[in-house]
2 protein chains.
Amino acid sequence: MVRSVWFKIDFASHVPVYKQIKEKFKLLILTGELKPGDFVPSIRTLADDLKVNVNTVARAYRELAMEGVLEPVRGEGYIVRQLNEEGFIRSNIENFVDAVERCKEVGIGIERLMSLLKEIYGRRDDGSEREELGEEL
Amino acid sequence: MVRSVWFKIDFASHVPVYKQIKEKFKLLILTGELKPGDFVPSIRTLADDLKVNVNTVARAYRELAMEGVLEPVRGEGYIVRQLNEEGFIRSNIENFVDAVERCKEVGIGIERLMSLLKEIYGRRDDGSEREELGEEL
DNA sequence: GACTTTGTCATAGTGTACTATTACAGTGGT
DNA sequence: ACCACTGTAATAGTACACTATGACAAAGTC
């Protein structure tokens with residue numbers, strides 16, 4: 001509720017907007033920024049913030065509700081229920097594996113990926129030194 | 001020409017089919033399976049093999065031609081020109097970085113990614129021991 | 001009760017990806 | 001010349017994501 005601009009949508013992505021929204025909320029719950037019982041932004045306000053249509057947000061919430069992540073409360077909004085962390089983490093791992101396999105196919109050495117890995121995990125998350133990476137590429 | 005079933009399309013993916021085709025050909029060129037001067041499969045035969053429409057393959061080839069990767073030859077087909085390896089590798093690296101960052105956000109430890117990395121690079125590419133990975137996840 | 005905010009639902013229009021089908025034109029082999 | 005290939009192009013229909021808009025119902029506040 002309080003903070004409405006939790007994330008942004010990548011409109012250039014092939015990934016549908018409603019799916020991006022779903023993923024973002026799962027992440028917010030996993031990281032503890034949203035806890036069970038919390039209200040998520042109303043469909044209309046989130047739609048405004050993300051510059052997206054109401055129906056798109058509604059679809060994301062509806063599907064999250066079907067997955068048991070959110071719980072709809074008529075006239076009040078949606079509250080956080082619980083997340084299947086297991087599955088969410090797994091899908092991220094699978095994504096990582098895919099990325100690595102493609103890098104391997106393309107002939108990128110393991111050392112390069114290792115150093116990138118260390119670099120990413122080594123840096124603080126304050127948003128600084130995020131462009132430095134360019135040189136590493 | 002000889003071998004027509006070089007790859008398969010993931011119809012469940014959000015990534016458009018024509019983009020998947022483009023990526024696959026770039027990969028084939030990078031790995032040397034297709035060399036400059038080689039003919040790629042005709043639009044119709046590839047469309048048949050991939051169980052995809054002619055127009056979809058045509059679009060992929062057309063865009064690859066616009067990027068300078070392929071060269072159209074009226075009445076004969078498309079031949080491989082050259083690939084901007086630089087950019088192709090970079091896009092794969094970027095994809096890797098994104099995947100790692102998301103894993104980090106989700107709270108997955110660097111050790112886990114490291115061991116997955118080593119495992120993937122350690123295995124042979126004969127297609128065996130590809131399901132073993134499941135246990136690692 | 002009036003008002004505001006919530007979610008819900010229905011309608012309609014747009015753009016993109018993809019499909020199916022047809023037709024036409026250039027090239028090469030016979 | 002004929003035929004079998006190539007690519008090219010036009011048309012049309014389907015599915016999906018997304019948008020815009022308006023109307024309705026449930027809950028909270030005053």
Side-chain angles (χ1 to χ4, degrees), chain A residues 1-4 6-25 34 37-81, chain B residues 1-4 6-25 34 37-81:
Chain A
M1 241 37 160
V2 190
R3 182 173 33 151
S4 47
W6 265 313
F7 51 86
K8 285 185 179 165
I9 295 300
D10 176 9
F11 292 101
S13 168
H14 327 284
V15 182
V17 175
Y18 77 94
K19 284 192 179 173
Q20 289 186 49
I21 296 175
K22 288 174 65 182
E23 290 304 299
K24 293 291 189 182
F25 272 105
L34 277 174
D38 285 354
F39 273 93
V40 297
S42 86
I43 289 180
R44 285 180 178 84
T45 52
L46 185 61
D48 277 351
D49 292 344
L50 300 180
K51 312 299 180 195
V52 146
N53 190 270
V54 184
N55 302 314
T56 306
V57 178
R59 174 169 184 183
Y61 281 11
R62 190 191 330 132
E63 293 195 5
L64 284 173
M66 285 195 297
E67 293 174 23
V69 179
L70 295 183
E71 182 182 343
V73 185
R74 284 285 314 215
E76 294 185 57
Y78 279 89
I79 60 180
V80 177
R81 200 163 202 167
Chain B
M1 240 40 156
V2 190
R3 182 171 36 150
S4 48
W6 265 314
F7 51 84
K8 285 186 179 166
I9 295 300
D10 176 11
F11 291 101
S13 167
H14 332 282
V15 182
V17 174
Y18 76 95
K19 284 194 179 173
Q20 289 186 48
I21 295 174
K22 287 174 65 182
E23 290 305 300
K24 293 292 188 182
F25 273 105
L34 277 174
D38 285 353
F39 273 94
V40 296
S42 85
I43 290 180
R44 284 181 178 82
T45 53
L46 185 61
D48 277 350
D49 291 344
L50 299 181
K51 311 299 180 195
V52 146
N53 190 268
V54 183
N55 302 316
T56 305
V57 178
R59 175 169 183 184
Y61 280 11
R62 191 193 329 134
E63 292 195 7
L64 284 173
M66 285 194 296
E67 293 174 23
V69 179
L70 294 184
E71 182 182 343
V73 185
R74 285 284 315 214
E76 294 186 56
Y78 279 89
I79 60 179
V80 176
R81 200 161 203 168

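In what follows, chains carry the letters A, B, and so on, assigned in the order in which the sequence lines appear, proteins first and then strands, with residues in each chain numbered from 1. None of these values were measured; they are calculated from a predicted model. We use all heavy atoms of the structure for the numbers below, so side chains are in, but hydrogens, waters and symmetry mates are not.
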Whole angstroms only, please: what is the [atom1]-[atom2] distance between [X] and [N]?
X     : N      : atom1 : atom2 : value
A:H14 : C:dG15 : NE2   : P     : 21 Å
A:F11 : D:dT19 : CZ    : P     : 6 Å
A:I43 : D:dA20 : CD1   : P     : 16 Å
B:N55 : C:dA23 : CG    : C1'   : 13 Å
B:D10 : C:dC18 : CG    : P     : 12 Å
A:D48 : C:dG7  : CG    : P     : 12 Å
A:Y78 : C:dT5  : OH    : C1'   : 15 Å
A:E71 : C:dT8  : CD    : C1'   : 17 Å

Heavy atoms from C-beta onward define the side chain here; which of [options] lies closest to that of [X]?
X     : options                : value
B:R44 : C:dA23, C:dC18, D:dA20 : C:dA23
A:Y18 : D:dC18, D:dG7, C:dA17  : D:dC18
A:P72 : D:dA20, C:dA17, C:dT8  : C:dT8
B:S42 : C:dT8, C:dA10, D:dT6   : D:dT6
B:P16 : C:dG7, C:dA17, C:dT21  : C:dA17
B:E76 : C:dA10, C:dT19, C:dG28 : C:dG28

Which atom pair, heavy atoms only, marks the closest approach of A:K22 to A:A60?
CG-O, 3.8 Å
Minimum heavy-atom distance between B:Y61 and B:I43, given as atom pair plus value:
CD2-CG1, 3.6 Å
Is [X] near enough to [N] that one of its side-chain N or O atoms lies under 4.0 angstrom from OP1 or OP2?
X     : N      : answer
B:N53 : C:dC18 : no
A:R59 : D:dA17 : yes
B:T56 : C:dT19 : yes

Taking only Lys NZ, Arg NE, NH1 and NH2, and the carboxylate oxygens of Asp or Glu, determine whether B:K19 and B:E63 approach each other closer than 4.0 Å.
no
Does B:Q20 reach the main-chain N or O of B:V15 with its side chain, forming a donor-acceptor pair under 3.5 Å?
yes
Contact class for B:V52 (heavy atom, under 4.0 Å): base, sugar-phosphate, or nothing?
sugar-phosphate
Counting only distance, no hydrogens or angles, is the base of D:dA25 paired donor-acceptor with the side chain of A:R74 under 3.5 Å?
yes
Any side-chain heavy-atom pair from B:D38 and B:I79 closer than 4.5 angstrom?
no
Closest-nucleotide mapping onto DNA chain D: is A:G75 or A:V17 further toward the 5' terminus? I mean the 5' end.
A:V17
